[in-house]
Visitor: 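Take this structure, written in structure tokens, and hold onto it; I'll ask about it next.
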Amino acid sequence: MTIFSIYIINKAGSLIYHYDSPTVGRPSVEKTFSYPLELVLKVFDEKVVVAFGERDGIKVGHAVLGINGIPAEGRVLADKRDILEVLATESNYPINIKFGRPHLTTNERIMLASMLHSLFAIGSQLSPEPHSSGIQSLETDTFKLHCHQTMTGVKFVIITDPKQSHVDALLKKLYEVYSDYALKNPFYSLDMPIRAELFDVNLQAVMEQADKPGLGNN
Amino acid sequence: MTIFTFYLFDRNGTCLYYAEWNRKKQLTMSKDEEFKLMYGMLFSIKSFASRLSPTDMKEGFLNFTTSKYKLHFFETPSGLKLILNTDLSVGNMKDVLQQIFSSIYVEYVVKNPLCQLDQPITSELFKYKLDEYVKSLSAFQTSKTAS
């Protein structure tokens, strides 16, 4: 089963849990450049991203992930040097830059979660048929989002490969894990982020279980 | 199977054309408001999907489903957005939307000197051809025999 990520959103639209599959690596491109740099870079959302000059698999919107093997942390390198300054200095060239799709920060995830929460509501409002629910699945060419809203308004969101089937069963299982290991935990307060080891362990187990029959059936 | 509604937006968010066939739910807001809400939702979904995607996207957002309907989305490189709402049993409608664009919109609106591209479409010929095409679709016809 190809699961990219799992999100749990509370009834107010804030993110209370997220999980990213460690096996799904984001593709990155490394290339050595000589001075002057022909790509136009800009700072967007505390990241250095490509603004102009798509080439060799480097796309507009890709962020600088590292320079000469030193990983980038936001707009600075791990050794505290500013990326744009390093790239503007001629003596640093030839230079090897690693580009890739930017990693989502926690802040961005929280924002995306509340965005889904409102899209869900608008989706049901714009329905041509009466009594429609909100968005249950959303398909793009690279992933498919499955969403299950419980009676109490909690949303479970799983992002998988577009060809993945039988995700509904996993969503139900996820709800079970949430009820058993988050809600029944006496130290858990409702609508707050879930930080329980038992929850993590059981979520992992459910996903591994989903993997096995998935492989058998297909 | 049935087809509910069709929306056509230009790149600036103006609703160029709207048509409905078996729509059951009456509007809770004015048409203009509905168009704005629809365009706004699609705009947000597009940005939402491109941020969430684990890899680079080519076509982007394709469709979404709720418990009652399925919304199919197709955008041309020029930013024209075609939206078709159908019921849940309908499969991929990308080719249909592509067809509406290339053989109805381009033929009867773009090639019509009396149609302004940034204004709502008033051409009777376009209206007639679209209606004829949608009613000829298998997704539309099975609903007629069923009901």
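Throughout, protein chains are lettered first and strands after them, A, B, ... in sequence-line order, and every chain is numbered starting at 1.
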Visitor: Is it the side chain or the backbone of A:L145 that comes within 4.5 Å of chain B heavy atoms, both, or neither?
Guide: side chain
Visitor: Can you establish whether the number of heavy atoms outside A:E197 located under 6.0 Å from its atom CD is more than 12?
Guide: no
Visitor: Considering only heavy atoms, which portion of A:S124 lies under 4.5 Å from any heavy atom of chain B: side chain, backbone, both, or neither?
Guide: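 Contact with chain B involves the backbone of A:S124 alone.
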Visitor: More than 12 foreign heavy atoms under 6.0 Å from CZ of A:R55: is that the case here?
Guide: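 Above 12, so yes.
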Visitor: Indicate the atoms forming the closest heavy-atom contact of B:K68 with A:S127, along with that distance.
Guide: CB-OG, 4.4 Å
Visitor: Work out which heavy atom in B:S47 is nearest to a heavy atom in A:M115; give both atom names and the distance.
Guide: OG-CE, 3.4 Å
Visitor: Which heavy atom of B:K58 sits nearest a heavy atom of A:D141, and at what distance?
Guide: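 Closest pair (atom of B:K58, atom of A:D141, distance): N-OD2, 2.9 Å.
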Visitor: Can you tell me how far the OG atom of A:S137 sits from the NZ atom of B:K70, to the nearest 0.5 Å?
Guide: 7.5 Å
Visitor: Mark yes or no for whether A:S133, through its side chain, and B:S67, through its backbone, hold a donor-acceptor pair below 3.5 Å.
Guide: yes
Visitor: To check you understand the geometry: which heavy-atom pair defines the closest contact between B:Y69 and A:G123, and what is its length?
Guide: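 For B:Y69 and A:G123, the tightest heavy-atom pair comes out as OH-O, 2.6 Å.
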Visitor: Atom CZ in A:R101, atom CZ in B:R51: separation rounded to 0.5 Å?
Guide: 10.5 Å
Visitor: Which atoms of A:Q125 are under 4.5 Å from chain B, going by heavy atoms: the side chain, the backbone, both sets, or neither?
Guide: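 Both backbone and side chain of A:Q125 come within 4.5 Å of chain B.
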Visitor: For the CG atom of B:L88 and the CD atom of A:E129, what is their distance to the nearest 0.5 Å?
Guide: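 That separation rounds to 9.0 Å.
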Visitor: I'd like to know which of B:T66, B:T5, B:L62 tops the heavy-atom pair count under 4.5 Å against chain A.
Guide: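 Heavy-atom pairs under 4.5 Å are most numerous for B:T66.
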Visitor: Could you grab the distance from atom CD of A:E139 to atom CD of B:E59, nearest 0.5 Å is fine?
Guide: 10.5 Å
Visitor: Could you check which of B:F61, B:F48, B:F4 has the highest count of heavy-atom pairs closer than 4.5 Å to chain A?
Guide: B:F48
Visitor: Considering only heavy atoms, which portion of A:L112 lies under 4.5 Å from any heavy atom of chain B: side chain, backbone, both, or neither?
Guide: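 Both the backbone and the side chain of A:L112 come within 4.5 Å of chain B.
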Visitor: Contact part of B:N63 toward chain A, heavy-atom cut-off under 4.5 Å: side chain, backbone, both or neither?
Guide: both
Visitor: If you count heavy-atom pairs within less than 4.5 Å of chain B, which of A:P162, A:P130, A:C147 leads?
Guide: A:P130
Visitor: Going from CG on B:L52 to CG on A:L104, what distance comes out if it is rounded to the nearest 0.5 angstrom?
Guide: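 Between B:L52 CG and A:L104 CG, I get 6.5 Å after rounding to 0.5 Å.
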Visitor: Relative to chain B, which of A:I159, A:I135, A:D20 shows the most heavy atom pairs under 4.5 Å?
Guide: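 Winner by heavy-atom pair count: A:I135.
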Visitor: Counting only heavy atoms not in A:K47, do more than 12 sit closer than 6.0 Å to its NZ atom?
Guide: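 Correct, the count exceeds 12.
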Visitor: Of the non-hydrogen atoms in B:A49 and A:F143, which two are nearest, and what is the gap between them?
Guide: O-CE2, 3.4 Å
Visitor: Do other residues, nucleotides or ligands put more than 12 heavy atoms under 6.0 Å from B:M29 CE?
Guide: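 Count over threshold, so yes.
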Visitor: For the CG atom of A:L126 and the CG atom of B:L71, what is their distance to the nearest 0.5 Å?
Guide: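 Going from the CG atom of A:L126 to the CG atom of B:L71 covers 8.5 Å.
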Visitor: Decide if atom CZ of A:F44 counts as having more than 12 heavy atoms of other residues, nucleotides or ligands within a radius under 6.0 Å.
Guide: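 Counting neighbours around CZ of A:F44, 12 or fewer heavy atoms of other residues, nucleotides or ligands fall under 6.0 Å, so no.
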